[in-house]
Amino acid sequence: QLQLVESGGGLVQPGGSLRLSCSASGFTFDYFTIGWFRQSPGKEREGVSCISRYGDETVYADSVKGRFTISRDNAKSMVYLQMNTLKPEDTAVYYCAADFTLIPQAMCVTRSVDGMDSWGKGTLVTVSS
């Protein structure tokens with residue numbers, strides 16, 4: 001019953017910006033920690049940024065600090081990832097995930113994909129000139 005749908009991916013030139021959106025349904029959204037993850041061909045899925053239930057705590061991977069910003073609007077059951085100064089190495093499929101138990105610091109480093117309560121199907125971000 002927990003459903004997440006990502007949108008906003010696409011092709012962008014290096015140095016450009018994109019905003020990803022994650023729309024949630026089927027559960028009480030503000031009870032869940034939300035995270036953005038990404039996966040490139042031949043690489044493990046990695047945590048990009050995670051946010052607490054009411055947005056007071058956020059976590060970012062070192063590779064995106066200062067460039068990406070995560071936010072949420074619980075009234076709309078939406079989570080966003082603003083991505084600025086994009087680099088070719090940011091190219092990946094981006095997924096949003098929700099979990100009832102994990103705090104952001106734990107969620108963003110977990111290797112347990114199946115342990116998450118819900119995953120979206122992903123949106124592709126391609127950074128290329």
Reported [atom1]-to-[atom2] distance for the pair [X] and [Y], which is rounded to 0.5 angstrom:
{"X": "Ser118", "Y": "Ile34", "atom1": "OG", "atom2": "CD1", "value": "8.0 Å"}
{"X": "Ser25", "Y": "Leu4", "atom1": "OG", "atom2": "CG", "value": "7.5 Å"}
{"X": "Leu2", "Y": "Met116", "atom1": "CG", "atom2": "CE", "value": "13.0 Å"}
{"X": "Ser128", "Y": "Leu11", "atom1": "OG", "atom2": "CG", "value": "6.5 Å"}
{"X": "Ser49", "Y": "Ile51", "atom1": "OG", "atom2": "CD1", "value": "7.0 Å"}
{"X": "Cys22", "Y": "Trp36", "atom1": "SG", "atom2": "CH2", "value": "5.0 Å"}

Run the side-chain donor-acceptor check on residues 77-85: report pairs under 3.5 Å with partners two or more places apart or on a different chain.
residue	atom	partner	partner atom	Å
Gln82	NE2	Asn84	OD1	3.0
Asn84	OD1	Ser17	OG	2.9

Linked, directly or transitively: [X] and [Y] (ILVMFWY side chains, under 4.5 Å):
{"X": "Tyr95", "Y": "Leu18", "result": "no"}
{"X": "Val113", "Y": "Leu102", "result": "yes"}
{"X": "Val59", "Y": "Val64", "result": "no"}

Shortest non-hydrogen contact from [X] to [Y]?
{"X": "Leu20", "Y": "Gly9", "value": "CD2-N, 3.6 Å"}
{"X": "Arg111", "Y": "Val109", "value": "NH1-O, 3.2 Å"}
{"X": "Phe37", "Y": "Ala97", "value": "CE1-CB, 4.0 Å"}
{"X": "Pro104", "Y": "Ser52", "value": "CG-N, 3.4 Å"}
{"X": "Gly35", "Y": "Cys50", "value": "CA-SG, 3.7 Å"}

Query - Test log, rule side-chain contact (heavy atoms from CB on, under 4.5 Å), inputs Thr123 and Val93 - result: CA-CA 5 Å; Thr123 185; Val93 177; over 6 Å; no
[X] (side chain) donor-acceptor with [Y] (main chain) under 3.5 angstrom:
{"X": "Ser40", "Y": "Thr91", "result": "yes"}
{"X": "Glu6", "Y": "Cys96", "result": "yes"}
{"X": "Trp119", "Y": "Ala98", "result": "no"}
{"X": "Thr110", "Y": "Met107", "result": "no"}

Query - Whether over 12 other heavy atoms sit under 6.0 Å from Glu44 CD - result: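 Open.
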Report task. Please confirm whether Phe68 and Tyr60 have ring centers closer than 6.0 angstrom. Result ->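 Ring centres of Tyr60 and Phe68 not closer than 6.0 Å.
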Query raised in the report: Does any pair with a residue in residues 27-39 pass salt bridge (Lys or Arg N to Asp or Glu O under 4.0 Å), and if so which ones, sequence neighbours excluded?
Result: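 The answer is Arg38-Glu46, Arg38-Asp90.
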Query raised in the report: What class does the angle between the rings of Phe100 and Tyr31 fall in, given that below 30° is parallel, 30 to 60° is tilted and above 60° is perpendicular?
Result: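 Taking Tyr31 first and then Phe100, their aromatic rings stand perpendicular (interplane angle over 60°).
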Query raised in the report: For Phe29, is the NZ or CZ atom of Arg72 found under 6.0 angstrom from the centre of its six-membered ring and inside 45 degrees of the ring axis?
Result: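 Checked: cation-pi criterion met.
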